[in-house]
Amino acid sequence: MTEAGKTNNKELLNRTLLAAEGEILNEPLDLTNCEKEPIHIPGSIQPHGVLLAIASDTLTIIQSSTNTGELLGIEHTNIVGKSLKELIPEQELDNMIQTYRNRSVSPVLNYMQVNVYTPNGKSPFFAIMHDSEDTLIVELEPGYDEADTEQNDFQWIQSFFNILKQTKSRVEASQVTAEQLRLILGYDRVMIYEFDSSWNGKVIAEAKKKGLEPYLGHHYPASDIPRQARELYLRNWLRLIVDVGYKPVPILPVLNPRTDLPLNLSLSTLRSVSPMHIEYLQNMGVQATMTISLIHDGQLWGLVTCHHNSVKYVPHRIRNLCNFLGVFFSSELYQRLQLDNYQEEVELKTRINRLSGIFIGSTTASSVMEQLAKEETALLDVMKAGGAAVCYQGELALFGAVPGRSEVEDLACWLSKQSKDNMYHTSNLSREYRPAEVYKHLASGVMYTALSSEQTDYIIWFRPEVVQVVEWAGDPAKAVIQENDGLRLSPRKSFEKWRQVLESTSLPWRELEIRVIPDFNSVLLKRTEQQLHEAEEKAMLNKRIIKENEKRYLQLMDISSAAFFTVTGCKIVYCNDRAAGMFRADSNTEIIDKPLDELFKHENEGTRLLSELARLEHSAEQMSTMNETLTALDGTELNVELTAVQVQFDETVSYWIIVRDRAEGKSREEGFTDLADQLQNYMNMDPLTEISNRQFFEKSLYHEWEQCVKIERSICLMMLDIDNFKLYNTIQGFQGGDLCLQWVADVLSALSTEYSAFIARYSGGTFALYLTGIPRDVTVELAENIRQAVLAVQIPADLQPAGNSLTVSIGVSCMIPTLQRSHAKLIRQAEKALAQAKKAGKNQVVYL
């Protein structure tokens with residue numbers, strides 16, 4: 001009967017919990033051994049039930065609590081030696097044993113209703129069974145029929161889950177948990193209590209009766225819940241104390257006849273409470289408690305603690321429910337924390353990668369420092385720092401509020417010696433590095449990472465001193481008191497708010513901030529051939545796109561009847577015949593190479609145009625139109641309208657300026673408008689696939705998002721990437737790659753027309769598509785149709801005619817836009833879905 005229990009509980013009931021094996025502590029409890037208090041072998045129980053120790057092979061009672069006479073009507077001296085079969089009807093006993101054997105999780109106790117033979121006949125009891133080494137423990141508490149309440153319990157759980165599902169954060173979920181538990185349990189106070197890395201606790205949520213002092217936000221020292229108590233919370237999810245003022249009921253005989261050791265009660269629900277814990281609760285004014293453990297992956301991370309100011313017994317039905325809820329809360333609240341941390345870490349890594357790209361994309365120290373100066377806010381915000389120092393290729397730059405240059409250099413030398421794996425951090429710099437005392441207001445916290453293996457290149461983030469006030473529930477130092485016979489540990493008598501002021505410290509570095517630094521460091525240290533190769537590939541691709549655009553611009557110039565000229569720097573580098581005639585020149589060669597200001601004789605006209613061109617370069621606008629007065633070569637003044645467009649010409653940033661004489665007729669004006677529209681269309685289009693480019697797609701998506709906010713219409717975004725496209729380009733060459741992109745663009749164009757979808761080439765082998773007001777399942781179906789259609793085109797994946805066909809992976813995301821959300825979130829979600837499709841083996845559609 002007990003073999004299954006032995007296997008599952010062997011580790012849980014190990015007597016080497018804290019002390020040496022076999023050690024029984026008989027000496028008085030003091031500061032030298034307080035964490036070795038043998039609370040798992042107290043030798044007594046609480047009086048609201050009876051405990052029977054049973055020989056597992058014969059079912060003979062070998063030990064019992066001394067209150068059997070009160071609850072069972074049989075004195076403990078008469079019950080020891082009896083068989084369990086004499087107390088419990090045979091069929092019910094068989095059912096108990098079978099239920100115990102079949103339990104799914106051994107540490108979670110099963111409450112079973114049984115009848116017990118007493119002098120007054122059969123009496124209903126609740127029974128709990130578990131193995132303790134070579135002994136079966138049976139605990140009995142008076143029971144009543146509670147079957148009619150099960151439906152109410154189900155409805156409450158369903159209601160609670162629905163409420164919890166609507167919470168938006170872990171803090172909100174924790175508060176809802178505390179409030180709902182207090183509702184069903186009826187305790188005066190319910191708290192969610194979380195441990196830090198040093199086992200100090202903090203109340204993160206609280207629901208309480210009106211008039212009670214709030215404990216929300218209070219910190220509790222690790223000594224409040226010693227190590228051996230935390231071990232027992234891991235073993236037993238639920239702990240009930242009905243009456244803090246109870247009189248312990250002894251278990252006799254004291255030693256187990258089979259082991260000659262005290263009975264191990266680690267999994268007992270009736271186990272007597274440590275006298276120190278009783279004193280602690282009495283000092284708080286608490287009369288009854290219940291505690292539910294919060295455990296994840298075998299680690300205790302918190303507690304649900306319930307307090308009541310009078311005696312309170314919780315029925316087994318409710319305890320069964322709390323056993324289940326303890327497991328659920330542990331997982332749900334922990335996952336909320338992980339999700340919050342994950343989302344924040346993803347955003348942090350994105351910002352880190354953006355900064356690391358400055359170092360990878362720039363080749364000289366001056367260009368790196370120039371880019372960092374532009375990104376100073378991002379550099380500081382990424383680590384929530386007040387200042388930063390960056391040393392790169394021998395050049396040191398300081399950003400924000402930092403110590404002096406020589407002080408930074410000395411500190412960097414010290415930090416390099418303290419660093420491990422090229423990084424080091426502290427929130428108490430002046431305590432570890434004395435010279436920092438003079439600038440602790442600027443740098444009480446530092447985060448250091450080396451950018452080179454020699455540590456000559458580095459970044460240091462600085463956090464200023466923040467005088468922190470930690471609110472403890474009573475002075476933690478008052479747990480130690482002086483008595484005549486020396487020091488002893490005594491639970492604090494006051495739980496009033498006690499404030500501790502911490503100086504010379506910064507805000508602590510959070511775990512996720514520490515975790516992303518090695519990623520940043522490894523990116524910077526990895527200037528590999530692959531990265532250089534990718535940079536060369538990208539440069540070649542950009543060059544091809546520029547050349548393709550130049551070709552289209554020149555074709556437009558040849559067929560256009562509108563006048564225009566091209567400006568690079570401050571010089572006219574091209575002029576068509578129509579513009580030459582407008583400027584009274586015999587040929588365009590008279591205009592080409594002229595400084596732009598020679599066409600502007602009026603004061604400020606040329607300056608104004610150059611200023612507008614400079615603004616256009618750094619603006620999201622693609623075109624700018626203005627009215628100006630030009631001077632022809634013969635001195636004639638021309639009142640013209642100029643439309644300037646930024647283009648790439650001879651691989652240089654240039655401006656194409658269309659000129660319209662405002663005195664000309666309507667037909668000329670229409671020709672000018674047609675040319676401007678055609679040029680605008682060119683700028684919005686990918687030259688290779690002749691569908692929209694990324695810039696125009698994102699601008700259109702933003703506009704559509706704003707419209708959908710007003711009418712509450714959904715937007716679905718699809719990100720499609722050609723699988724192994726880089727390899728395909730390498731094998732087939734750029735011509736083959738271009739043809740492949742065109743085929744995929746044709747498939748998208750054909751299948752998306754029915755849904756009025758907006759399609760674009762996003763980058764490289766990636767395409768994007770969005771559509772509005774279409775149900776999610778229809779969008780996913782369209783994505784699957786696109787995937788299959790690309791497969792049906794049978795684009796050869798290698799040079800062999802019988803080779804595999806090229807495939808695509810697709811990520812889909814749908815949202816209803818709100819003012820609180822940005823279209824960028826929709827893009828990130830679709831990109832995440834695409835990444836999952838790739839990870840799942842490619843040629844997949846994934847919806848998030």
Side-chain angles (χ1 to χ4, degrees), residues 546-547 549-665 667-685 687 695:
I546 290 170
K547 285 295 182 185
N549 275 330
E550 282 184 14
K551 189 187 300 181
R552 296 163 73 192
Y553 295 148
L554 291 172
Q555 288 173 348
L556 188 58
M557 292 176 187
D558 290 340
I559 63 173
S560 173
S561 60
F564 63 86
F565 56 91
T566 304
V567 174
T568 301
C570 296
K571 186 182 294 186
I572 298 173
V573 296
Y574 185 84
C575 174
N576 71 349
D577 292 338
R578 171 65 183 159
M582 182 180 291
F583 294 142
R584 311 296 194 266
D586 294 333
S587 70
N588 57 8
T589 55
E590 291 185 58
I591 302 295
I592 293 174
D593 288 334
K594 277 187 175 294
L596 185 61
D597 56 9
E598 286 194 18
L599 297 178
F600 296 93
K601 301 298 184 183
H602 288 266
E603 185 179 0
N604 295 329
E605 291 282 350
T607 304
R608 192 166 64 184
L609 176 60
L610 290 174
S611 176
E612 183 63 18
L613 296 184
R615 187 194 67 81
L616 190 64
E617 182 178 356
H618 299 94
S619 169
E621 297 176 28
Q622 294 178 309
M623 286 186 173
S624 178
T625 300
M626 66 208 84
N627 293 325
E628 301 289 352
T629 302
L630 299 180
T631 304
L633 296 184
D634 62 1
T636 304
E637 288 190 352
L638 304 171
N639 292 317
V640 297
E641 179 182 287
L642 303 179
T643 297
V645 182
Q646 184 181 327
V647 296
Q648 292 283 334
F649 197 77
D650 284 339
E651 301 182 28
T652 306
V653 175
S654 302
Y655 297 91
W656 196 11
I657 300 177
I658 310 171
V659 188
R660 182 179 72 85
D661 190 337
R662 284 183 287 167
E664 290 183 339
S667 61
R668 290 287 187 186
E669 182 179 343
E670 290 174 352
F672 171 84
T673 303
D674 289 343
L675 178 63
D677 290 344
Q678 195 169 356
L679 183 57
Q680 178 74 67
N681 189 46
Y682 278 4
M683 295 183 69
N684 294 337
M685 186 184 298
Q695 183 181 11

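Just the heavy atoms: all of them, side chains too, but no hydrogens, waters or symmetry mates, feed the values below.
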Which heavy-atom pair separates Lys594 from Glu590 by the least distance, and what is that distance?
CE-O, 2.9 Å

If you take all heavy atoms of Val573 and Ile592, which pair is closest and at what distance?
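Where Val573 meets Ile592 most closely, the heavy atoms are O-CG2, 3.7 Å.
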
Is a donor on one side and an acceptor on the other found under 3.5 Å between the side chain of Asn588 and the backbone of Cys575?
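It does hold such a pair.
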
CZ-CG distance between Arg584 and Leu638, expressed to the nearest 0.5 angstrom:
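Between Arg584 CZ and Leu638 CG, I get 5.5 Å after rounding to 0.5 Å.
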
Atom CD1 of Ile591 and atom CZ of Phe583: how far apart are they, to the nearest 0.5 Å?
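CZ of Phe583 is found 6.0 Å from CD1 of Ile591.
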
Step by step, work out the side-chain contact (heavy atoms from CB on, under 4.5 Å) result for Asn639 and Asn627.
CA-CA 7 Å; Asn639 292 317; Asn627 293 325; over 6 Å; no

With a 4.5 Å heavy-atom cut-off, do Leu642 and Val659 have their side chains touching?
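Yes, their side chains come closer than 4.5 Å.
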
